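In what follows, every heavy atom counts, from backbone to side chain, and hydrogens, waters and symmetry copies are set aside. Both counts, for ligands and for their atoms, begin at 1 and track the order of listing. The model shown is predicted, which means the values in this text are computed figures rather than measured ones.
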Amino acid sequence: MTGVMTVGKVPDRKPEGREGPPERYPKDSKHYADPLNWKYPVHTPFHARAARRYFDNPLNRAKYTEEEQDYIDWMIDEALLRFGVVEGRSLEDRVVPFEKDLEEMDLEDLLVFFLGKDRLRRAMKIEEVSLSRKEEMIEGKVKNYPLRLDLGDKRIVHSCPDWERRSGGGLFCKHVGAAFLKLSEMEALQILKKLVIERDRWIFQMEPEVG
Ligand SMILES: [Zn+2]
């Protein structure tokens with residue numbers, strides 16, 4: 001690590017560490033706050049925020065020495081800063097309820113997690129939402145943008161410029177937010193919690209606009 005300023009000490013290999021990168025995750029260990037164990041990926045704002053949440057859990061921290069904790073904290077904070085998630089009042093997506101456990105999060109907390117506060121406010125103003133439901137499939141339009149929420153297949157298919165930018169990081173655009181606001185609160189909560197817990201298994205997909 002010569003020439004690179006770091007804090008703490010790179011964590012040693014741990015018995016519960018991974019042998020290599022998880023499927024569909026970056027192959028370069030520099031994208032992991034714990035690089036030798038391939039844990040705490042921080043390659044997107046979404047993952048950096050999740051890493052912060054998980055590493056704030058004392059049970060997870062306890063697996064590391066104090067120096068190793070310093071290193072992981074530093075790596076996660078570096079990524080958050082780089083993505084503009086924690087500091088800087090001009091950036092809209094910085095507000096995340098880190099301090100809450102998933103179980104304690106209400107619908108607004110979860111929507112802020114996926115949207116950021118400003119985008120959530122814009123989602124709340126959208127009235128043109130028409131969705132129909134067939135078993136595990138919720139499908140329709142938000143404004144003129146097609147949207148499909150396939151709960152069985154764990155897939156959200158949508159198309160708009162903001163979704164194109166954000167979906168790769170596991171984040172929503174305002175249309176997807178508006179769709180969740182249209183569901184019953186209980187169902188929206190249930191799906192969003194699933195999305196957080198099973199986020200590696202969900203696919204956020206772009207679909208060409210239906211003209
Ligand atoms: Zn959209």
Cut-off 3.5 Å, no hydrogens considered: what does the side-chain donor-acceptor table look like for residues 41-48, sequence neighbours left out?
residue	atom	partner	partner atom	Å
Thr44	OG1	Phe46	N	3.4
Thr44	OG1	His47	N	3.0
Thr44	OG1	His47	ND1	2.6
His47	NE2	Tyr25	OH	3.3

Checklist entry - Under 6.0 Å from the six-membered ring centre of Phe172 and within 45° of its axis: does the NZ or CZ of Arg119 meet both? => result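 Cation-pi check for Arg119 and Phe172: fails.
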Item to check | Any residue meeting side chain to side chain contact (heavy atoms under 4.5 Å, CB included) with Gln205, in chain and number order, not counting sequence neighbours | outcome: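 In terms of side chain to side chain contact (heavy atoms under 4.5 Å, CB included), with neighbours along the sequence ignored, Gln205 is linked to Arg155, Val157, Ile203.
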Checklist entry - Between Arg52 and Arg61, what is the shortest heavy-atom contact and its length? => result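 Taking every non-hydrogen atom into account, NH1-NH1, 4.2 Å.
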Item to check | Protein N, O or S atoms lying under 2.8 Å from the Zn ion (ligand 1), listed by chain and number | outcome: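 Under 2.8 Å from the Zn ion (ligand 1) - ignoring waters, which are not counted - the protein N, O or S atoms are His158 NE2, Cys160 SG, Cys173 SG, His175 ND1.
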Checklist entry - Of all residues at least two apart in sequence or in a different chain, which pass the salt bridge (charged side-chain N to carboxylate O under 4.0 Å, His left out) check with Asp150? => result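 Partners of Asp150 by the salt bridge (charged side-chain N to carboxylate O under 4.0 Å, His left out) criterion come out as none, since no residue qualifies.
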Checklist entry - For atom CD of Gln190, is the number of surrounding heavy atoms from other residues, nucleotides or ligands below 6.0 Å larger than 12? => result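 12 or below, so no.
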